[in-house]
Each structure stands twice: as C-alpha cells, then as structure tokens.
**Student:** 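Structure provided below as structure tokens; questions to follow.
Keep in mind it's a predicted model, so treat the numbers as computed, not measured.
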2 protein chains.
Amino acid sequence: MPKGMTKRRPQTRARLLEAATEVFAERGFHGTSIEDICQHAGYTRGAFYSNFGSKDELLLVLFDANSERVLDRLRAVELPEGDTDVFAAAVAAAATPPDDDRTWFLITTEFTLYAVRNPRAAAALNERDARLRTSLAELLGELYTRAGATPAVDLEDLARLVVAVVEGARAQSHLEPDALPPGRLEQQFLPTVLRALAAPRR
Amino acid sequence: MPKGMTKRRPQTRARLLEAATEVFAERGFHGTSIEDICQHAGYTRGAFYSNFGSKDELLLVLFDANSERVLDRLRAVELPEGDTDVFAAAVAAAATPPDDDRTWFLITTEFTLYAVRNPRAAAALNERDARLRTSLAELLGELYTRAGATPAVDLEDLARLVVAVVEGARAQSHLEPDALPPGRLEQQFLPTVLRALAAPRR
DNA sequence: TGTATCGGATACGTATCTGTATCCGATACA
DNA sequence: TGTATCGGATACAGATACGTATCCGATACA
C-alpha cells in the first residue's frame, strides 16, 4: 500500500473496475458513459476522475488484469496421464470456458477493435498474445512428448492456429449457443488436427 | 425505382452508406455520430433522417449489403484443375483477402458485438453465417470429390471449422500484419487439416 | 409551362456527457 | 485529541449529439 493513506481507495478502484466490466459488456465501450460506470458502481464522477485519468486508461487496466487471468488459466492446465488418447484428453481438459466468458468475450473483442485503431492498446494486446502463444507452444510441446510424437511444424505457428480456432469458435458459440455449445468445435476437430501435424514415424 | 420520383435519392443513400462505412471503420459504430457520417458524405442531418430511421437501421443495411458481397466472393471461387495438390491449390485460390478487408473486418467485428446484444442483428448475422456455411460446405464437397476422397466428417461442421480458422487468423493478421500476413496461416495449415479429415482409404 | 410533390437544408429546443474547480467528511498520524 | 491530508461529492460551464418541425429549391408530370 502506498505511503499517504489508503484502504478506501483500492476498494473503490476495484468496484469501479468491476462496474465497468459489467457495463462495457452490456453496452460496449463507446456506448458507455463515465457517468454510467459510476452510477453502476454507486459513486459519482468525482470518484472516477480521482482514480483514473480517462475511460481509455481504465480500459487498459481492465484488459491487463484480464490478461493475467487468461495466462493463469492456461498455465494451470494439467495434461492428463492416461494413455488412451492424449490429444483428445488434453483438448477436453483445456476447452471448458469459465462462466463469465460471455462478458470477457465482449470486452476482449471490444478491446481488439480499440487496438486496431490505437497503437498503445495494440502493443498491450500483441504482448499478451505473444506470451499466450509462448505458454501454449510449451504446452503443445509437452503434449507431443507425452504422445511419443514429434511436431511437424513450428510450435509457435501451431499455437497461432490453435488460438485462431479457439477464438473463431468462441465467436460462433456466443452468437449461436444452441447450435454450437462452447468447446464443441475444439473437441470435435483439434485432436485430429494435432495428431495430423505430428511428424510421420520414421 | 419506386413510384413518386427519385434519382437523387438512391445516390445520396449510397453516398451516406459509403461514408458510414469509412467512418465506422475509423471510429467505430458508437464512436461515430450521425453528424460525422453526414459531414463525411457532404450532407446535413436532414438528408440522413430522410433516408434512414436511425444509425442502427443504417448499420443493418450496411451489413446486409456486405453479406451479399461476401457470399458472391465465395461462390466465385473456382477450384483449380491441376492434379498436383488439390487442397493446397484450393486454399491458395480462396485465401486472398480483398484490399478493403481491414475496413470490413472492423465493421463486421463491430457488427458481431452489436449482434450479441441485439436479437434482430443476431438473426441477420446468423442467417448470413448459415448461408455462408452452406456454400462453403458445397465447395468443400466438390473439393473432396476432385481429390478422389471422401470427407470423414459432416461438411457443415467442417465449414464451421474453416470459418473459425479464417476469422481467427484474420484477427491476428489485422493486429500484427508483419508477423502474420493475411492468408498465411490458412495456407500453412488448412491443406493438411483438410487432407487429414478425409476418410481413410478402404 | 404550371404545379404538386419530393429531397434535402436550416433552425430550434433538449438531453447528455465531459472535465474541472471547489468543498466537506473521514482517516492516518503525531 | 488535534490536525494535515486524502477521497470522494457537489456544483458549474461548455460542448456535442439528437430528433423534429419547417422551409425552399428541384424534379416529375399533366
């Protein structure tokens, strides 16, 4: 805790961030006024400007916090031991989205749009994605090892593919949850794909 | 042309739509005021309200128009004849994005967000996606035929996968054009993936 | 050529949002 | 317990966006 005083401050910061999460998810970033956030959090705009310089700044903080969460989730994935179908088991273990996925899908997508137009945000997003791919590549490497196979392609490239599939599927699932339950596309295809990208036995 | 009169009308409509396309891409849907659109098109708000009921309505029209374009593009894909690597050739033929892809990536993504929150838009989006998948499944079927193979999975499901990969890759490319040129991920992986999903020869 | 209708411009009132400047209660700290 | 500082509320002034109501020039049509 910084020098002067505090105790209320981190609380209101947290509450503002949480409120912003919900309101952004509901109405979008541009569609949300600072007033909306404060109202939803039970504060006035005074509190907001005392804690953040602008709506943009808050969004960056929000995104960074979520990035850590996502990375933690990925790092927490444990590869199963069973020797039946390692690929399928691994995908199944990793493919369950959290309950609040809808909210974060909306915010992350919003942030993506924001990033395409804003260099500072693009940097943050690309850095997160790079770290995510590194972790994922690591995991994939271990997966192939356990399967007793060698990957036939660069693991970072493969990580890009996996991210593309996951993100693409996520969008479809959030638009038509009934037609495509979350995780289904991944479970249906990723095991086969990963297996197909193992180097041929020699 | 409708009864009363017209000639100017469809022109200004078109110009407003074109202006909206550009401004939405630049500042986002919520970030764009109706005034912005009119100014960029060289009209006043009077012209806007005479042609559209609201910004939302205009967005729907914009999206529908683009949907047709996308479907036309897909239907125009011609499978190559050469017998070398049919899968690679097909992917290469289909993977080149149009020049204005960035603009439409932004708008479509924006529209996706809009759709997650708005049933009417979701219906439009899902209908387009369904038609897109149908066309794509057809194309894939023909592709397997030419390859002398039988698909091992439902083609509509496979179409979902392809769409996921393409959309996921598109997002990555627009965020890091240098690290991932448009179409590269597709060309690198899709041929192998499609081949791997052919039923084993019997 | 006259005239009714159409398309878009202009003008207006209102609502909302923004950022800052100031004020007051609460809390740490001596 | 006194006091300086901190956190958030309140108050204010300006800007921007919205939708409508009205007006005027242009075009179809008789």
Side-chain angles (χ1 to χ4, degrees), chain A residues 1-62 107 110 113-114 117-118 120-121, chain B residues 1-62 107 110 113-114 117-118 120-121:
Chain A
M1 228 185 281
K3 195 165 140 214
M5 70 173 286
T6 0
K7 191 166 87 181
R8 251 200 311 178
R9 185 164 270 274
Q11 253 223 0
T12 56
R13 251 183 95 90
R15 283 188 192 167
L16 282 171
L17 284 168
E18 194 189 328
T21 307
E22 292 169 19
V23 186
F24 283 166
E26 198 174 322
R27 309 184 203 171
F29 177 66
H30 276 300
T32 303
S33 71
I34 294 179
E35 181 68 43
D36 285 337
I37 300 171
C38 298
Q39 204 166 332
H40 196 277
Y43 293 96
T44 63
R45 259 174 324 136
F48 180 93
Y49 283 106
S50 169
N51 280 277
F52 302 95
S54 66
K55 208 170 52 162
D56 293 50
E57 186 184 314
L58 180 146
L59 181 63
L60 277 191
V61 174
L62 211 54
I107 294 184
E110 195 94 48
L113 285 174
Y114 181 70
R117 304 173 181 119
N118 177 320
R120 180 145 165 48
Chain B
M1 230 186 279
K3 197 167 139 212
M5 72 172 288
T6 2
K7 193 167 82 183
R8 247 200 315 177
R9 184 164 272 274
Q11 251 222 2
T12 55
R13 252 183 93 91
R15 284 189 191 164
L16 282 171
L17 285 168
E18 194 190 326
T21 307
E22 291 168 20
V23 187
F24 283 167
E26 198 174 321
R27 309 186 204 171
F29 177 66
H30 276 299
T32 302
S33 71
I34 294 179
E35 181 68 46
D36 286 338
I37 300 171
C38 299
Q39 203 166 332
H40 196 276
Y43 293 96
T44 63
R45 273 195 346 270
F48 180 94
Y49 283 107
S50 170
N51 279 278
F52 303 96
S54 65
K55 207 169 54 163
D56 293 50
E57 188 186 312
L58 179 145
L59 182 63
L60 276 191
V61 174
L62 210 55
I107 294 183
E110 194 96 48
L113 285 174
Y114 182 70
R117 303 172 182 121
N118 177 320
R120 180 145 166 49

**Student:** Write down the protein N/O and nucleotide N/O pairs, taken from nucleotides 1-3 of chain C, whose separation is under 3.5 Å; answer none if there are no such pairs.
**Tutor:**
none

**Student:** Side-chain contact, heavy-atom cut-off 4.5 Å: A:D56 with A:F29?
**Tutor:** yes
**Student:** Under 4.0 Å between a side-chain N/O of A:T12 and OP1 or OP2 of D:dG7, yes or no?
**Tutor:** no
**Student:** Can you check the A:E35 CD to D:dA11 P distance for me, whole Å?
**Tutor:** 14 Å
**Student:** Within the 4.5 Å heavy-atom criterion, are A:F52 and A:I34 side-chain neighbours or not?
**Tutor:** no
**Student:** Would you mind reading off the distance between A:R27 atom CZ and C:dC17 atom C1', rounded to a whole angstrom?
**Tutor:** 13 Å
**Student:** Could you check how far NE2 of B:H30 sits from P of D:dT16, rounded to whole Å?
**Tutor:** 21 Å
**Student:** Could you write out DNA chain C as dot-bracket? Rules: Watson-Crick or G-U wobble, both distances under 3.5 Å, brackets [ ] for crossings, | for pairs with another strand, dot for unpaired.
**Tutor:** ||||||||||||||||||||||||||||||
**Student:** Could you pull out the closest heavy-atom pair between B:E57 and B:N51, with the gap in Å?
**Tutor:** OE2-O, 4.4 Å
**Student:** Measure from CG on A:D36 to P on C:dT16 and round the result to the nearest Å.
**Tutor:** 11 Å
**Student:** Using atom CZ of A:F48 as one end and atom C1' of D:dG7 as the other, report the distance to the nearest whole Å.
**Tutor:** 15 Å
**Student:** Output the single nucleotide from D:dT10, C:dC17, C:dG7 whose closest atom is nearest the side chain of A:T44.
**Tutor:** D:dT10
**Student:** Does a nitrogen or oxygen in the side chain of A:N51 sit under 4.0 Å from OP1 or OP2 of D:dG7?
**Tutor:** no
**Student:** Kindly point out which of C:dC17, D:dG8, D:dC18 is positioned nearest to the side chain of A:A47?
**Tutor:** D:dG8
**Student:** Check whether any side-chain heavy atom of B:R15 sits under 4.5 Å from a side-chain heavy atom of B:Y43, and report yes or no.
**Tutor:** yes
**Student:** Atom CZ of B:R8 and atom P of D:dG25: how far apart are they, to the nearest Å?
**Tutor:** 13 Å
**Student:** State the CG-CZ distance between B:L58 and B:R13, to the nearest 0.5 angstrom.
**Tutor:** 8.0 Å
**Student:** Whole Å only: how far is the CZ atom of A:R15 from the C1' atom of D:dG7?
**Tutor:** 14 Å
**Student:** Looking only at the side chain of A:R45 (C-beta and beyond, no hydrogens), which of the listed nucleotides C:dT18, D:dA9, C:dA11 gets closest?
**Tutor:** C:dT18
**Student:** Supply the atom-to-atom distance A:R117 CZ to A:Y114 OH, rounded to the nearest 0.5 angstrom.
**Tutor:** 11.0 Å
**Student:** Counting only side-chain heavy atoms from C-beta out, which of D:dC18, C:dG8, D:dG8 sits nearest to A:Y43?
**Tutor:** D:dG8
**Student:** Would you check, one step at a time, whether the test side-chain contact (heavy atoms from CB on, under 4.5 Å) holds for A:Q39 with A:S33?
**Tutor:** CA-CA 10 Å; A:Q39 204 166 332; A:S33 71; over 6 Å; no
**Student:** Rounded to whole Å, please give me the gap between CZ in B:F52 and P in C:dG7.
**Tutor:** 13 Å
**Student:** From the options D:dG8, D:dC18, C:dC17, select the nucleotide whose nearest atom is closest to the side chain of B:S33.
**Tutor:** D:dC18
